[in-house]
Amino acid sequence: MNKPTKTAIEPTRTQDYPEWYQQVIKGADLAENSPVRGCMVIKPWGYALWENMQRVLDKMFKDTGHQNAYFPLFIPMSFLEKEAQHVEGFAKECAVVTHHRLEPDPNGGLRPAGPLEEPLIVRPTSETIIGAMYAKWVQSYRDLPILINQWANVVRWEMRTRLFLRTAEFLWQEGHTVHATAEEAMEETRKMLEVYADFAENYMAVPVIKGEKTAGERFPGADVTLSIEAMMQDRKALQAGTSHFLGQNFSKAQEIKFQDQNGQMSYAWTTSWGVSTRLIGALIMTHSDDDGLILPPRLAPSHIVIQPIYRDDAQRSEVLTYCQSLRKELSTQMLGERAIEVSIDDRDMRGGEKKWYHVKRGVPLRVEVGPKDIAKDAVFVARRDTGEQVSMSRSEFTASVSKILMQMQQNLFDRATKLRADHTVKIDNLDDFRAYFTPKNAEQPEIHGGFAECHFASEADVAEILNELKVTIRCIPMDGDDQGGPCFVTGKPSGKRAIFAKAY
RNA sequence: CGGGGUGUAGCGCAGUCUGGCUAGCGCAUCUGGUUUGGGACCAGAGGGUCGUAGGUUCGAAUCCUAUCACCCCGACCA
């Protein structure tokens with residue numbers, strides 16, 4: 001008795017954005033919560049998406065001279081203690097291993113036994129364990145630079161979690177490099193931010209702002225933190241990737257030093273940079289609509305699903321044969337460097353149900369093929385991004401499929417760019433700022449605000465109002481060409497504008 | 001760690017205030033049939049230690065006590 005609903009996902013974005021987000025994930029079967037507090041299970045469709053992201057990023061890292069390696073999950077507690085800022089930043093959210101076996105307890109259960117002499121922490125990030133190894137590997141300037149990346153899981157014991165956006169355990173990559181000079185390390189920091197921005201915009205179709213974090217928002221232990229910031233459809237900011245110039249902080253703490261050309265001992269300069277499964281959250285919240293997930297073709301695990309339509313066995317075999325040949329023909333087409341992925345969904349399932357299954361999963365193109373289509377050698381094509389459905393000849397479709405997918409990729413990017421442009425404003429006084437970030441409905445805040453470009457002279461001056469409105473300084477954009485102006489709170493002169501926004 | 005809430009079938013819930021036959025409903029699942037260019041219909045079936053442990057009672061999903069788990073709101077964060 002389940003009546004067809006107007007939208008495949010309920011509630012809609014405007015009704016309840018956070019709940020919509022959860023339902024999109026559920027509808028697309030990307031992931032679900034696990035019995036382990038704060039930890040998610042990434043299901044095959046979600047993991048395939050992550051694998052595509054990994055494949056592209058990994059190539060980008062290799063193309064910029066990096067190699068992959070793997071370092072331990074566990075870090076001796078004393079390692080973390082070495083860098084004071086770093087300890088302070090992460091100590092409160094670490095999982096700590098204190099025992100190395102279990103024994104039966106009197107109640108028939110198990111209890112930890114065999115206390116460790118030194119507790120191990122599960123890595124929240126690997127600067128310290130990797131730094132300890134780098135200290136051994138670096139002796140001479142000839143050993144530099146070291147350019148290593150690792151794909152790993154990390155654990156941060158967050159108080160509140162949300163699928164993909166913030167989970168206790170998440171998957172990521174972390175690059176860790178060592179350089180002889182500050183300039184070279186800073187160049188590496190910038191270079192990797194560019195890689196992330198390139199990936200976000202050209203593969204994820206998510207427009208990002210490259211910028212520098214303020215002191216208050218910096219990575220614990222970094223001298224400079226750069227980030228890419230994206231705007232989600234609820235107009236909140238999401239930090240999608242970070243790249244840190246760590247100066248000599250970690251090399252001094254961990255004795256990463258080398259003899260230079262002149263025989264002098266110097267501390268090395270290090271960087272670290274990472275993106276995580278959070279990118280999937282960014283993807284979802286940038287493109288999806290009230291019918292579910294929308295995937296940018298370049299990262300979609302499957303580009304086209306062919307849905308055969310038939311009534312009886314005779315038609316079935318005729319239609320399936322046609323679909324198989326269509327599939328084969330489409331599979332030879334390329335989308336960029338990747339072959340187009342085509343699947344045939346011939347499950348015994350009602351047509352409408354099957355259609356919505358793929359709509360919710362965000363497959364870019366859905367192609368229906370039935371006897372009537374075959375009779376005129378045509379296919380019925382539905383585009384996920386626009387919802388447009390057209391019948392076209394088979395030859396026309398196969399000839400243009402690659403172009404259509406690239407158009408979709410571009411359309412998603414343009415759409416997201418427009419949303420951001422429509423909700424980015426320059427604000428120069430406190431009243432406007434407060435009005436911009438205050439929802440009309442205090443009980444159930446509607447989607448409001450966006451990015452505010454403002455001048456500020458010092459973080460302390462704006463701390464109070466930011467705290468009150470739950471707004472943060474996202475970054476000081478690198479590409480900004482602003483000429484300076486007065487702080488929106490104090491009127492004191494400031495250089496460049498910063499992006500202010502509510503954030504995930 | 002504060003404030004609020006929820007634990008009943010795979011999922012979503014009703015029943016609890018006011019204790020009482022065999023604990024219900026929707027979706028999902030399974031079987032049979034009818035359907036089939038679009039989120040089907042009919043008939044039937046399976047599936048529950050009512051979070052856990054005590055207590056009150058002739059009798060507890062329901063009342064009392066304790067406890068655990070999870071969710072939401074805050075403080076903290078990729």
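Note on naming: letters A, B, ... go to the chains in the order of the sequence lines (proteins, then strands), and numbering restarts at 1 for each one. Owing to the predicted nature of the structure, the values given are computational and were not obtained by experimental measurement.
Nucleotide B:C1 holds its C1' atom 16 Å from the CD atom of A:Glu93, rounded to whole Å. We find that NZ of A:Lys355 is positioned 9 Å from P of B:G39, with the value rounded to whole Å. Rounded to whole Å, the distance from CZ on A:Arg316 to P on B:U36 is 18 Å. Atom CZ of A:Phe90 is separated from atom P of B:C76 by 16 Å (rounded to the nearest Å). The interatomic distance linking A:Asn467 (CG) with B:A75 (P) rounds to 7 Å, in whole Å. Between A:Glu468 atom CD and B:A75 atom P there is a gap of 13 Å when expressed in whole angstrom units. In this structure, A:Asp312 atom CG and B:U36 atom C1' are separated by 11 Å, rounded to whole Å. What separates OH of A:Tyr310 from P of B:U35 is a distance of 17 Å, to the nearest Å.
Residues satisfying the side chain to side chain contact (heavy atoms under 4.5 Å, CB included) criterion with A:Ser34, sequence neighbours excluded, are A:Val36, A:Cys39, A:Val41.
Nucleotides B:G26 and B:U8 place their C1' atoms 15 Å apart, quoted to the nearest Å. Distance check on atom P: B:U6 versus B:C64 gives 14 Å, rounded to whole Å. Using C1' as the reference atom, B:U57 and B:U62 are 13 Å apart when rounded to the nearest Å. Taking atom C1' on both B:U22 and B:G39, the two are 37 Å apart, rounded to the nearest angstrom. Rounded to whole Å, the separation between the C1' atoms of B:C11 and B:A28 comes to 7 Å. Taking atom P in both B:A61 and B:G7, one finds a spacing of 16 Å when rounded to whole Å. Taking the C1' atoms as reference points, B:C58 lies 23 Å from B:A53, given to the whole Å. With P as the reference atom, B:G19 and B:U31 are 45 Å apart, rounded to whole Å.
Of the charged side-chain nitrogens involved, at least one lies within less than 4.0 Å of a carboxylate oxygen, so that A:Glu229 and A:Lys213 count as a salt-bridged pair. Remark: A:Arg13 does not engage A:Asp234 in a salt bridge, criterion side-chain N to carboxylate O under 4.0 Å. Between A:Lys354 and A:Asp346 there is no salt bridge, since no side-chain N of the basic residue sits under 4.0 Å from a carboxylate O of the acidic one.
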Legend entry - Structure string for RNA chain B in dot-bracket form, Watson-Crick and G-U at under 3.5 Å, | interchain: ((((((((.[[[[.)....(...]]]].((((((.....)))))).....[[[[[..)....]]]]])))))))....
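Between A:Phe219 and A:Phe90, the gap from one ring centroid to the other is short of 6.0 Å.
Across all strands shown, A:Lys372 has heavy atoms under 4.0 Å from base atoms, whether or not it also approaches the sugar-phosphate. If you check every strand for non-hydrogen atoms under 4.0 Å, A:Thr242 touches nothing. Residue contacts shown for A:Lys213 are absent, as no nucleic acid heavy atom lies under 4.0 Å away. In this structure, A:Thr225 reaches neither bases nor backbone, as no heavy-atom distance under 4.0 Å exists between it and the strands shown. Among the heavy atoms of the strands lying under 4.0 Å from A:Leu165 is at least one base atom, whether or not backbone atoms are also near. Counting any heavy atom pair closer than 4.0 Å across all strands shown, A:Tyr504 reaches no nucleic acid atom. Among the atoms of the strands shown, base atoms are found under 4.0 Å from some heavy atom of A:Arg350.
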Inset, instruction - Step by step, work out the ring-ring contact (aromatic ring centres under 6.0 Å, His included) result for A:Trp50 and A:Phe164. - result: CA-CA 11 Å; A:Trp50 177 239; A:Phe164 291 116; 9.1 Å; no
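The side chain of A:Lys470 has B:G74 as its nearest neighbour among B:A78, B:G39, B:G74. The side chain of A:Ala8 sits closest to B:G39 out of B:G39, B:A78, B:U36. Nearest to the side chain of A:Thr167, among B:G37, B:A40, B:A78, sits B:A78. Comparing B:G39, B:G37, B:A78 against the side chain of A:Ile309 picks out B:G37 as the nearest.
Between the A:Arg384 side chain and the A:Met408 main chain, no donor and acceptor come within less than 3.5 Å of each other.
In terms of position along RNA chain B, the nucleotide closest to A:Thr161 lies nearer the 5' end than the nucleotide closest to the other residue of the pair A:Thr161 and A:Glu158. With the nearest nucleotide of RNA chain B identified for both A:Phe170 and A:Gln307, A:Gln307 has the one nearer the 5' end.
Here the shortest heavy-atom pairing between A:Trp157 and A:Ala95 reads CE3-CB, 4.1 Å.
In this structure, CD1 on A:Ile280 lies 11.0 Å from CG on A:Leu163, to the nearest 0.5 angstrom.
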